[in-house]
Number of protein chains: 2
Amino acid sequence: MNMKEKGQESQLKLENFLCFAIYSTANAVTRAYQPRLTALKLTYPQYLVMVVLWEEENQTVTAIGDKLSLDSGTLTPLLKRLEAAGLISRRRDKADERQVLINLTDEGRAMKERAESVPIAMGQAFGCTMDEARGMRAELIGLRDNLVASLDEAK
Amino acid sequence: MNMKEKGQESQLKLENFLCFAIYSTANAVTRAYQPRLTALKLTYPQYLVMVVLWEEENQTVTAIGDKLSLDSGTLTPLLKRLEAAGLISRRRDKADERQVLINLTDEGRAMKERAESVPIAMGQAFGCTMDEARGMRAELIGLRDNLVASLDEAK
DNA sequence: GCATATTAAATTGCACGCAATTAAATTGTA
DNA sequence: TACAATTTAATTGCGTGCAATTTAATATGC
């Protein structure tokens, strides 16, 4: 085996894949949140939507989608489930009937308090210091922005 | 607002969530791979399975699942699609009929060469140095192992 | 003013992920 | 040797993600 072959082979080894580290860690995150969220009867993406709404109410589907990088194909059915669960309301904006405004119900607003324990418990599960978490978050967001930029360039 | 409230509020802000950084970066990775993989007519998880098989043939479903942290509920239909695409074969192990051995077809094996360009192109898209990539990979895997351990402890 | 373009959400179709269950084969164990 | 326990895939059901299309409302250009 010459050097070139050796170099290329290492490129195609799973253990060297940064993408797989991200992929498998993301799956592990979802699995780790699951037991903490079943008490709230939320899935992990539903929890993220609730976090966005706890920060700011009366948001459009697009505004929520921009923050979570999700489109209406994902959000519409998810929001309908949150509505069916009595946590949010969906109503057309009178001023612009194209838009749907999402608001918390009293029940959805009240859930915030019970949800406070979730990130605290998860902080334990991550098993890293706040500083390490901050560092990784910054690195990941940098990576994510690079990926988004490379996609934008391509079109 | 007192200090305690301020502290708790910051815990529930999306921008502070390490989990969301991982989640949204993982989604971005899948989207970024997509254009590179459509030439091979593979989805991103299918590509990962092929990577595992290019490293070692004649693996059971469980062996592949252990490497990718996926179960038969995910893998069985995925492997059937790869079989339908003519890239792999699935056959019961004669020595232990419970197991299904997955092998590459000639076509699947031949695809490896065309796939060599994918991680190289993605390296560009990530926009970080090899050393940075190695560092992040190690940090993510550490995090993932902590999450898995916390789940194991819970049961 | 009116046709065209754009925008927002919903819909459709497909492929994951994963919990839970099932079916079949093998292992262990009295 | 019987028979219970374990192991391996497959199956079922549900909730995402996302590309592509559709529908309805609004903005734009002539």
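Naming convention: chains lettered A, B, ... in sequence-line order (proteins, then strands); numbering from 1 in each chain.
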Any residue of residues 18-50 of chain B with a heavy atom less than 4.0 Å from an atom of DNA chain C: Thr43(B), Pro45(B), Gln46(B)

Spacing between Arg98(B) atom CZ and dT26(C) atom P, to the nearest angstrom: 7 Å

Covered region of DNA chain D, 5' end to 3' end, by chain A [heavy atoms, under 4.0 Å]: dG15(D) to dT26(D)

Qualifying residues under side chain to side chain contact (heavy atoms under 4.5 Å, CB included), relative to Glu132(A), sequence neighbours excluded: Cys128(A), Thr129(A)

ring-ring contact (aromatic ring centres under 6.0 Å, His included) evaluation trace for Tyr23(A) with Phe17(A): CA-CA 10 Å; Tyr23(A) 165 85; Phe17(A) 277 38; over 10 Å; no

Worked verdict on Tyr44(A) versus Gln34(A) for side-chain contact (heavy atoms from CB on, under 4.5 Å): CA-CA 7 Å; Tyr44(A) 179 65; Gln34(A) 184 71 15; 5.8 Å; no

Ser24(A) side chain to Phe20(A) backbone, donor-acceptor under 3.5 Å: yes

Residues in contact with DNA chain C, drawn from residues 68-93 of chain A - heavy-atom cutoff 4.0 Å: Ser72(A), Gly73(A), Thr76(A), Lys80(A), Arg90(A), Arg92(A)

Gly73(B) backbone acceptor or donor facing Thr76(B) side chain under 3.5 Å: no

Main-chain N/O of Gly65(A) paired with Ser69(A) side-chain donor or acceptor, under 3.5 Å: no

Residue pairs passing the salt bridge (charged side-chain N to carboxylate O under 4.0 Å, His left out) test where at least one lies in residues 134-146 of chain B, sequence neighbours excluded: Asp131(B)-Arg134(B)

Side chain Ser150(A), main chain Leu147(A), donor-acceptor under 3.5 Å: yes

Partner residues of Thr62(B) under the side chain to side chain contact (heavy atoms under 4.5 Å, CB included) criterion, sequence neighbours left out: Thr60(B), Asp66(B)

Nucleic acid contacts - residues 60-67 of chain B versus DNA chain D, non-hydrogen atoms under 4.0 Å: Thr60(B), Val61(B), Thr62(B)

Which atom pairs, one a donor and one an acceptor, fall under 3.5 Å between side chains of residues 85-92 of chain B and the rest of the protein, sequence neighbours left out?
unit_1: Arg90(B); atom_1: NH1; unit_2: Glu83(B); atom_2: OE1; d: 3.2
unit_1: Arg92(B); atom_1: NH1; unit_2: Glu97(B); atom_2: O; d: 3.0
unit_1: Arg92(B); atom_1: NH1; unit_2: Arg98(B); atom_2: O; d: 2.8

Joint hydrophobic cluster, Ile141(B) plus Leu18(A), side-chain heavy atoms closer than 4.5 Å: no

Pairs satisfying salt bridge (charged side-chain N to carboxylate O under 4.0 Å, His left out), at least one member in residues 20-46 of chain A, at least two apart: none

Show which side-chain atoms of residues 46-59 of chain A pair as donor or acceptor with protein atoms under 3.5 Å away, not counting sequence neighbours.
unit_1: Gln46(A); atom_1: OE1; unit_2: Thr43(A); atom_2: N; d: 3.1
unit_1: Trp54(A); atom_1: NE1; unit_2: Gly108(A); atom_2: O; d: 2.9
unit_1: Glu55(A); atom_1: OE2; unit_2: Leu14(B); atom_2: N; d: 2.7
unit_1: Glu57(A); atom_1: OE1; unit_2: Arg109(A); atom_2: NH2; d: 3.2
unit_1: Glu57(A); atom_1: OE2; unit_2: Arg109(A); atom_2: NE; d: 2.6
unit_1: Asn58(A); atom_1: OD1; unit_2: Asn103(A); atom_2: ND2; d: 2.8
unit_1: Gln59(A); atom_1: OE1; unit_2: Lys67(A); atom_2: NZ; d: 2.5
unit_1: Gln59(A); atom_1: NE2; unit_2: Val52(A); atom_2: O; d: 3.2
unit_1: Gln59(A); atom_1: NE2; unit_2: Glu56(A); atom_2: O; d: 2.9

Spacing of Glu97(B) atom CD relative to dT27(C) atom C1', expressed in whole Å: 16 Å

